[in-house]
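Sequence lines set the chain letters: A, B, ... in the order given, protein chains first and strands last, and positions in each chain run from 1.
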2 protein chains.
Amino acid sequence: MKNNIRVERAKHNITQAELAEKINVSRQTINAIELGKFIPSTLLALKIARVFNSTVDEIFSLDNDD
Amino acid sequence: MKNNIRVERAKHNITQAELAEKINVSRQTINAIELGKFIPSTLLALKIARVFNSTVDEIFSLDNDD
DNA sequence: CCATAATGTAAAGTTTTCTTTACTTTTAGT
DNA sequence: ACTAAAAGTAAAGAAAACTTTACATTATGG
């Protein structure tokens with residue numbers, strides 16, 4: 001599974017720490033999700049999407065491994 | 001967080017067991033997700049959405065508790 | 001170049017998801 | 001009503017997400 005959180009953050013000009021704060025998770029959690037180190041819950045994915053005025057499906061997508 | 005997996009299953013006329021098999025999880029996992037007993041990973045949510053030719057955001061949504 | 005913000009990483013511990021097995025209850029067809 | 005399929009539930013254990021603390025590395029502006 002891949003994601004474009006980094007790109008969305010750049011578009012909206014916010015840091016990992018700021019995104020973390022907006023959705024009430026630790027900065028390390030955002031970092032790990034962004035780097036694909038672990039898969040977030042659907043709840044977090046929805047919250048992240050909302051911050052970016054986007055959708056889960058635009059931000060996260062299946063890749064060949066999945 | 002709420003979901004309309006039950007409705008989508010009805011539309012597509014498949015059982016919990018069949019949905020479980022399609023995305024390689026146990027039937028109990030589908031049951032628990034459907035009943036809101038736990039929140040699936042984004043990977044599972046994407047796979048469920050794909051089975052229904054739908055999107056994560058159409059199937060799962062935030063409620064007032066979130 | 002220097003300072004500082006931002007990001008990356010790691011380890012220990014907690015919480016939650018998910019599996020497996022097994023049993024009960026509900027639903028639906030005949 | 002009887003049967004069988006479907007759905008609900010529960011408990012123990014495994015696996016993964018997430019937190020906290022702490023420190024290292026990289027990027028950026030002045």
Side-chain angles (χ1 to χ4, degrees):
Chain A
M1 204 188 67
K2 57 191 170 61
N3 74 80
N4 55 20
I5 294 174
R6 176 146 307 191
V7 171
E8 288 297 322
R9 282 200 305 105
K11 282 187 196 167
H12 290 76
N13 195 34
I14 68 172
T15 66
Q16 291 180 348
E18 286 166 345
L19 176 55
E21 195 185 11
K22 281 178 190 292
I23 66 175
N24 291 310
V25 294
S26 69
R27 180 182 65 80
Q28 285 79 350
T29 294
I30 295 298
N31 183 258
I33 293 170
E34 189 167 310
L35 297 179
K37 301 228 168 148
F38 62 69
I39 295 169
S41 72
T42 301
L43 184 59
L44 289 191
L46 284 166
K47 287 182 178 179
I48 290 169
R50 193 170 54 177
V51 168
F52 296 139
N53 294 313
S54 185
T55 65
V56 173
D57 299 74
E58 277 170 1
I59 294 170
F60 297 90
S61 51
L62 298 172
D63 58 23
N64 298 336
D65 304 348
D66 303 321
Chain B
M1 203 189 66
K2 57 192 171 60
N3 73 81
N4 54 20
I5 294 173
R6 175 146 308 192
V7 171
E8 288 298 321
R9 281 200 305 104
K11 282 188 196 166
H12 290 77
N13 196 35
I14 67 173
T15 66
Q16 290 180 349
E18 286 165 345
L19 176 55
E21 195 185 10
K22 282 178 190 291
I23 66 174
N24 291 308
V25 294
S26 70
R27 180 183 65 79
Q28 286 79 351
T29 294
I30 295 297
N31 184 258
I33 293 170
E34 189 167 311
L35 297 180
K37 301 228 169 148
F38 61 69
I39 295 170
S41 72
T42 301
L43 184 58
L44 290 191
L46 284 166
K47 287 181 177 178
I48 290 169
R50 193 170 53 176
V51 168
F52 296 140
N53 295 313
S54 185
T55 64
V56 172
D57 300 75
E58 277 169 0
I59 294 170
F60 298 90
S61 52
L62 298 173
D63 59 23
N64 298 336
D65 304 347
D66 305 321

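- Proximity note for Phe38(B) (side chain, C-beta onward) versus dG8(D), dT17(C), dC18(D): the nearest is dT17(C).
- Separating the CD1 atom of Ile33(A) from the C1' atom of dT9(C) is a distance of 16 Å, rounded to the nearest angstrom.
- In this structure, CD1 of Ile23(A) is placed 14 Å from C1' of dT19(D), rounded to the nearest angstrom.
- Note: CD (Glu21(A)) to C1' (dT20(D)) measures 17 Å, nearest angstrom.
- Side-chain atoms of Asp66(A) do not come within 3.5 Å of backbone N or O of Lys2(A) as any donor-acceptor pair.
- Leu43(B) places its CG atom 21 Å from the P atom of dT16(C), with the value rounded to the nearest Å.
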Take Leu35(A) and Arg6(A), measure what side chain to side chain contact (heavy atoms under 4.5 Å, CB included) needs, and give me the verdict at the end. CA-CA 9 Å; Leu35(A) 297 179; Arg6(A) 176 146 307 191; 4.3 Å; yes
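- Look at Arg9(A) and you'll find a side-chain N or O under 4.0 angstrom from OP1 or OP2 of dT7(C).
- Of the side-chain N and O atoms in Lys37(B), one or more sit less than 4.0 angstrom from OP1 or OP2 of dT9(D).
- OP1 or OP2 of dG8(D) sits under 4.0 Å from a side-chain N or O of Asn31(B).
- Contact between the side-chain N/O atoms of Ser26(A) and the OP1/OP2 oxygens of dT19(D) is found at a separation under 4.0 Å.
- Looking at the side chain of Ile39(B), the nearest of the listed nucleotides dT7(C), dG8(D), dT17(C) is dT17(C).
- At the heavy-atom level, Thr15(B) lies under 4.0 Å from the strands shown only through sugar-phosphate atoms.
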Go through it in stages, so that I can follow the logic: the residues are Thr55(B) and Thr55(A), the test is side chain to side chain contact (heavy atoms under 4.5 Å, CB included), and I'd like the CA-CA distance, side-chain angles, deciding distance and then a yes or no. CA-CA 9 Å; Thr55(B) 64; Thr55(A) 65; over 6 Å; no
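- Gln28(B) comes within 4.0 angstrom of a nucleotide base, judged by non-hydrogen atoms across all strands.
- The side-chain hydrogen bond (donor to acceptor under 3.5 Å, both in side chains) search around Glu18(B) returns none, not counting sequence neighbours.
- Between the side chain of Asn3(B) and the backbone N or O of Ile33(B) there is at least one donor-acceptor pair closer than 3.5 Å.
- If you take CG of Leu35(A) and C1' of dA6(C), they are 13 Å apart, rounded to a whole angstrom.
- Remark: P of dA5(C) and CD of Gln16(A) are 16 Å apart, rounded to the nearest angstrom.
- Look at Arg6(B) and you'll find a side-chain N or O under 4.0 angstrom from OP1 or OP2 of dG8(D).
- If Glu18(B) and Ser41(B) are placed on DNA chain D by their nearest nucleotide, the residue sitting closer to the 5' end is Glu18(B).
- Atom pair Ile5(A):CD1 and dA6(C):P shows a separation of 18 Å (rounding to whole Å applied).
- Listed nucleotides dT19(D), dT9(D), dG8(C) differ in distance to Arg27(A); the shortest reach to its side chain belongs to dG8(C).
- Atoms CD1 (Ile30(B)) and C1' (dA5(D)) sit 18 Å apart, rounded to a whole Å.
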